[in-house]
Each structure stands twice: as structure tokens, then as C-alpha cells.
There are 2 protein chains.
Amino acid sequence: MSARVGRSQRKDPSGARAAAPAGPGPGPDKVLSVWTDNQRAEPGAEGPDGARRRATIHDVARLAGVSRQTVSRAVNDKGEIDPATKERVLEAARLLDYRPSRFARGLVQKGAVTAGLVIPDLRNPFFPEVAAGVLEAAEQRGWQVVVWDSRIDEARERQALDVLSHQADAVVGYFKDPDDVLTRHLGGVPLVLLERGPQQTRFAAVGIDAATGVEQGLNHLFRAGHRRIGMLDGVHGPGPRRLAFLEQVRRLGLPVDEDWVAVCPEHSVAGGEAGMERLLAARPEITAVFGFNDLIAVGAMRTARRHGRSVPDDLAVLGFDGLSLGELVEPALTTLHIDKRQLGRLAVEQVARLRAGEEPLRGADAWVVPELVVRSSA
Amino acid sequence: MSARVGRSQRKDPSGARAAAPAGPGPGPDKVLSVWTDNQRAEPGAEGPDGARRRATIHDVARLAGVSRQTVSRAVNDKGEIDPATKERVLEAARLLDYRPSRFARGLVQKGAVTAGLVIPDLRNPFFPEVAAGVLEAAEQRGWQVVVWDSRIDEARERQALDVLSHQADAVVGYFKDPDDVLTRHLGGVPLVLLERGPQQTRFAAVGIDAATGVEQGLNHLFRAGHRRIGMLDGVHGPGPRRLAFLEQVRRLGLPVDEDWVAVCPEHSVAGGEAGMERLLAARPEITAVFGFNDLIAVGAMRTARRHGRSVPDDLAVLGFDGLSLGELVEPALTTLHIDKRQLGRLAVEQVARLRAGEEPLRGADAWVVPELVVRSSA
DNA sequence: CAGGGGTTCGTGAACGTTCACGTGAGCGTT
DNA sequence: AACGCTCACGTGAACGTTCACGAACCCCTG
């Protein structure tokens, strides 16, 4: 039937092949010049004005004088196609600027996985590192990752969720909203929370074992003789790090009350500087300070020095995160190092479990344990 | 058909199914009483045995006793639906863990734009900043961005292109391969190159006006009295920064040959340290050094100090990039600051032009001009 | 000349959703 | 009683691609 039309064209390599599919009919088999494929197509007067409809596989097929399937074979580099035909099809595709629709493709062939990643602040060196871990693990699984920078704005977090719940197969990220709000914006997509303990959420999560880390850090400070230790927190509420700090300080029998903790307005060096100003004003007697993260700790060092206190002699500073930046400042920052890439990899692992219908990792398996790295600042 | 079942169910509230919206008068919403207890804390814990086909809109429609369209209305929060029915449909959707296929959806309603972003190394603070600019501009346009970390591996760059050419509507990123190789892996998707001059590629690009920047920097060094200036380059070939350096040095009438330029094995502090070792060995007489980027410049400072040369007195160091990290090291780094976010935003602007069929920006409009930030190191 | 096997190509039929209609019930107006 | 309107909902028909088939042709072999 219409297969014969294709045949005859193939056997007739004379000119006019790139122009009109319905040949002049030089044979008995001009049975149907109307292709069932493209009935509604109007050859010729395509777009009166610049209505640039994107070319489809049909258009390419018509221009090349073959069927959709042959076009598919050509562009996907499959077998079962004559090299000459393939070249002709490819040429037609180039001419029409054809690009297969990823939607139509994804609809029929499953397997393309897209994960969403929501990061609070790309300018904080901590998060790119986590993202690198996510990206790396995702790449290994053949997934792709669409990234959102929520810029520490909860509204933007929700907005990211709204989009991602439509466009991603799973989401991992940092979110401040409580479970029920997240659920509402999630529309059923699996979610893996970053840095939330199991008791803080019913979603799957990966976290940091702040307690163990802080214990190491405060032991170190204590052994160095410090008895009056303050903290520069990064959040207002009592998060895991502050709770661990308070617990360890009490365990060591050291004095502590609210005054010993100052909250920094933001997770940055400038935030640390500002927080340290307030902490020194409230508790000038401190000999050591524990920072919520390395950025804040570096800020603390700078303020301390500005106040004429040398680090670590007059004031010891302990960070949290283990940014490579800590090696470059002076004095080099003693810190609780976190394997940030591992955190990201773990998150992807959690996503994989969720997708497989398995139970997500809970407890220690979903934790990253900080490691004390002693440098010069404490 | 099941459609009629739906009808009859609607007309017959006493049906055995749990679907029982109140009769004509939609009184107080007494919704399902049978399966309201869906405490499924674990996502994906539904189907014990196999057959894990994802639920479609049909399944939901059948379970709720309505048509596809009504399900669509419910999940998309459209009008023209009875609140009670909507609740019933939503409940059924929840029960089946239904999530609309983004492919089917994208196929029918156009407009979802996905861009690919390929970054060489997320651990270099420069690139997250560029990425933030891309993400920000993309978000404003309602696009999403899938990010790849090529980890400075050209094979991975190509691999990223292979995937992205299938899954993205446009690609922006850093690529080392020449135009023809890129074209081969691109399959027709628009590409915007980061940090390539117009004469270096026929693709659309956004770049850095290295010449103007270096001119400012070397003028500054010259005015400070430096006459023997070396460079720590980051690439082997003569890139824009090295060419600009050589030109400016010659313009100032200073001595220079290959020995005055050392290539760092990698774009990192460690790379800068290593490169500086070699540069000091080859040209111990230098009084100033220009770094390919801030990381390398910081490495140079460290090596210089290790060799007993104080910065800036014995040796001045000039960076390139303007990382915030430069403010934290000691002495603070004098550098040619680049608006990295702007670079990213410009790239998205280029993508938009390409998509609109417009001519991409060329020349100065697609450039970011560095600005000399004088701190302590030079 | 019948038959077999290998190429090369075409034809419905999905895939899961939304869009543009169409329909019937209910209610009020004339 | 006829008409019109609104509400709630259902019905093909796309959207663009790949998959599972099968058909026509070619080159052999017996």
C-alpha cells in the first residue's frame, strides 16, 4: 500500500525528492498520495505570519518522504535503516530545525528520573559542597537534578516545592516549614529533608550528628583549660547544635544561661561579626566561643581581634562545618568537619529507597558524624 | 462503561461504594467514612506485591466514579466542580498515590522551559556564584535549571551535553571542546558558552572583558612601583587573561618572556602554591605576581610567605575574580572583581534571545567588565 | 520456481494528560 | 409550558513519540 510509495521513492533517486512527498506518480502505484499520518497538514502555506510552530517528527517525515518510524530510527541512531535514507532524513531534520519533544519521548519510554534540589544559599560554601554530593550521586544513577536557590526565603521554598512537585519525581532540600505545610505543597512527591533529625519530621531525612560533634569540640576546649564558653548560634530556636552545646556545657559543669548564646542575624562572616559583638558585650568573661558554622566562627575571630583579643590566646574559636576556607584564615580555624558530599550522597540514597518502595534509612545510617579538626584557633 | 457507573453512583448515593456525597442539598461535608484513616506514614508502602505500575488519571477516575476530566479539575484546582466530588476525587488520588505525569502534561500544555547548566567545579566558589545568577534569572522567567558538575573533565562535559540535548530546551555552561565537537553532541539545542569571546566561537556567549581588567590591575601595580611582574596562569594555552597580561606588560615596557608565566596544575589554592614555587624558582627577581584567579593568588601568597617574603612589601599579589574569600585572608587580597551573578544573568538573557529567534548579544553587551578592588595584598 | 532468511521500511496502537466542546439536570423567567 | 441559564460533569480529539508488529523487497539456495 502506502509502503509502495516509499519504496518507489527509494528506487527513484532522481531529483525532486526533497521537495514534495507525493511524487508525480510515475508508476502504477499512485494509490494514495494522501498520507494517513499528516492529514491535517497544509503543505505550502505553513505560517502566514511568524507563527513558528516547532517542527515535529511528522514534518521531517514528510519532507524526507519517509514514515515517522524511519525518522525515529535516523535521529536515534538505531539500526534497520539504509545509510542513504538516514542521511536524507537527517538533512531534512536539520533543515526544519527539528528537535524531538522530550515530553512525547518521556511519555512512551519511562526511566528518566528528575530530582529537585532546594538549597538555602549558594553563596555559603557549605551548600555547593552538599549539592556536589547530590549531583555526583544522581549522575551515577543516571538522574538529573534541577536546582533551586531559595535564598533563605520560606516563601521561595514553598514556591520551589510548588514547581518541583509538578516537574520532579522527588525532592531533596532544606526546608523550614513544618511537615504539614510541606505536605500541602508536595502533592505526593517523595521528599528527603536535609539536616533534620528523625524525631523532627516524619519525612525521610539525612542529618548531622550534632551531639557527637559538639561533644568532641567541647571536650577539646575543656582540656585546653576553657571554663567559660559561649556560643554563636545561627537560628533563633533551640536547634540541634545549640541543644547539644547546652547539654555538653552542663555535663562539664560549666556556667551557662541564655546570655552565653548570641544569635547571629545571618549565616555569614558579617553575621558572625555582629553576633560576636553582642556576645562580648553580654559576657566579656568568655575565653572560648563555639560557632554555629565556620562562617560565623570566622566572623567571631575578626570581631575578637578588633576588640584587641588575640586568637587563640585570649579567646579560642571553634567552628562547625569544615569549610576549606577555614584553612586559609589566620589563625586557621579549628572546626568540626562534616563530610558534606557524603551528606548529599546519602540524600540521594534516601530518594532511591523511597522510589523503590523500601524503608528509608533511619538513625545513625542516615547521619553524618562530624570530626574534630584541630588547627590553630582553638 | 465505567463512565455510566460514575453517573449512576452520583445519582444513587446509597451505593455500596464509599462514594456518597450528600444528595441534592450539599449539606455539611460528610465525606468518606470508610477510608479516611490513611495514616500512611511511609510513602510507597501501599502495594505489597508487585504490579507497581504508577496510577494514572484513569485509575483515580474509576475509583472515584467520575471521568478523567473531573479528576483533572480536582487535582488542578480548577472551577466547575462540586466541592464534595472534589474531595472524593482527591481522596481517591491520595489512596492510589496518584501523581500526574509531567510528560503527558508537558505534551499538551507547552510553556515549561528547562535549561541545562554545566559547571566545571562546584567547589571553586566562583562557579556557585555564577550558578546563582543563572538560577535567579531563570526563576524570574519561570524556567527551571538542571545542573551538571563536569568536574573539569571534558568527557563528562560531553556526557552532560548528550543528556541535556535530550532533556533540556537550551544549555549554558563552560565547555573546553571546540565548536564542531559541541555541535555533534548538541543535536540542535541552543547553546550559550560561558567565558568565551565572540571570536573564539560561533555560538552565543557571555564573557569577561579580561583586557580592560588586566589593564587596570597592571596599571595599579606599575604605579606602585613594580617593574618585574610575573603571572600564575590557570591554563596551558594562551587564554584571554594571559594574552591581556602579556600585552599590558609590553605596553608598560616591562621585561617578560615565557619564564615569567607559570601554569598552575589546578584552579585552587594548592595549585597556586605549586605554581608559585615554580615561578619563584624561575624568576626570583619578581616583585609582583598576577594570579589567574583569587584561589591561585591566595596560594601564591602562602608560598611567598613560606619563602620568607612578606606580602605586599616584598611581593605584591593581584587576584582575579573577587571572591569574598579574598577579604578574609591576610593580607586581604587586591583583586579584579567580577560580577559573577551578572555573568549568569547575562547567560540566561542570551538563552532567551536564542529562543525568541533574536540575534544574541555580541561584544560589549555580552561582557562583564572587571573592577579593580584595592585591598592590602597589592 | 518455490521457499527461506535478511534488510529496510510503514502502520496502528499505545503513553497520560488537557482542551474544546457537548449534555443533562435543576431552577427561574416569561 | 416553553425557554434560557448555570452548574457539574462527560466525550472525543489532540499532543509527539516509540513499540510491536508486519509487509515488501532483495539475494540466495535447493
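For the numbers below, each heavy atom of this structure counts, side chains included, while hydrogens, waters and symmetry mates do not. Computed from a predicted model, the values in this text were never measured in an experiment. By convention in this document, chain letters (A, B, ...) are assigned in the order of the sequence lines, proteins followed by strands, and residues within each chain are numbered from 1.
Counting only heavy atoms from C-beta on, S67(A) has its side chain closest to dG10(C) among dG10(D), dT8(C), dG10(C). With dT17(C), dT18(C), dG16(D) as the candidates, the nucleotide lying closest to the side chain of K110(B) is dG16(D). Of all nucleotides listed (dC9(D), dC19(C), dT17(C)), dT17(C) comes nearest to the side chain of A104(B). For P100(B), taking side-chain heavy atoms from C-beta onward, the closest of the listed nucleotides dC19(D), dC9(C), dT17(C) is dT17(C). Closest contact between the side chain of I57(B) and the listed nucleotides dA8(D), dT17(C), dC15(C) involves dT17(C). Checked against dC9(D), dG10(C), dT18(D), the side chain of V66(A) finds its nearest nucleotide in dG10(C). Out of dG16(D), dT17(D), dC19(C), the shortest distance to the side chain of L107(A) is found at dG16(D). For S101(B), taking side-chain heavy atoms from C-beta onward, the closest of the listed nucleotides dT17(C), dT18(D), dG16(D) is dT17(C). Between dG12(D), dG16(C), dG10(C), one nucleotide has an atom nearer to the side chain of R68(B) than all others, and that is dG12(D).
Taking all atoms of both residues into account, the shortest heavy-atom contact from V89(B) to T70(B) is CG2-CG2, 4.4 Å. Scanning both residues, A64(B) and A92(B), for their nearest heavy atoms gives CB-CB, 4.0 Å. A pairwise comparison of heavy atoms in R99(A) and G187(B) identifies CG-O, 3.5 Å as the closest pair. For R102(B) against D169(A), the heavy-atom pair with the smallest separation is NH1-OD1, 2.7 Å.
For the residue pair T183(B) and R202(B), a side-chain donor N or O sits within less than 3.5 Å of a side-chain acceptor on the partner.
DNA chain D is contacted by both V75(A) and V108(B); V108(B) maps to the nucleotide lying nearer its 5′ end (nearest heavy atom per residue).
At dT8(C), none of the side-chain N or O atoms of K86(A) fall inside 4.0 Å of OP1 or OP2 (strictly under the cut-off). Residue S72(B) places at least one side-chain N or O under 4.0 Å from the OP1 or OP2 atom of dT18(C). Within the structure, every side-chain polar atom (N or O) of T56(A) is placed at least 4.0 Å from both OP1 and OP2 of dG16(D). Phosphate contact (OP1/OP2 of dT18(D), side-chain N/O of K78(A), threshold under 4.0 Å): absent. Under 4.0 angstrom from either OP1 or OP2 of dA8(D) there lies no side-chain N or O belonging to T70(B).
Between the base of dG10(D) and the side chain of R73(B) there is a donor-acceptor pair shorter than 3.5 Å. Residue Q69(B) places no side-chain atom within donor-acceptor reach of the base of dC9(D), judged by atom type and a 3.5 Å distance cut-off alone.
As a whole-Å value, the separation of I81(A) CD1 from dT8(C) P is 9 Å. Atom CZ of F103(B) is separated from atom P of dT18(D) by 13 Å (rounded to the nearest Å). When rounded to the nearest whole Å, the span between CD of Q109(A) and P of dA14(C) equals 18 Å. For D77(A) and dT17(D), the CG to P distance is 17 Å, given to the nearest whole Å. For the pair H58(B) NE2 and dC15(C) C1', the interatomic distance rounds to 10 Å; values are reported in whole Å. One can place CZ of R62(A) at 13 Å from P of dT17(D), the figure rounded to the nearest angstrom. Between the CZ atom of R54(A) and the C1' atom of dT17(D) there is a distance of 12 Å, given to the nearest Å. In this entry the distance linking NE2 of H166(B) with C1' of dT18(D) reads 13 Å, nearest Å.
For the pairing with V147(A), the side chain to side chain contact (heavy atoms under 4.5 Å, CB included) check across V146(B), V145(B), L135(B) returns one residue only, L135(B).
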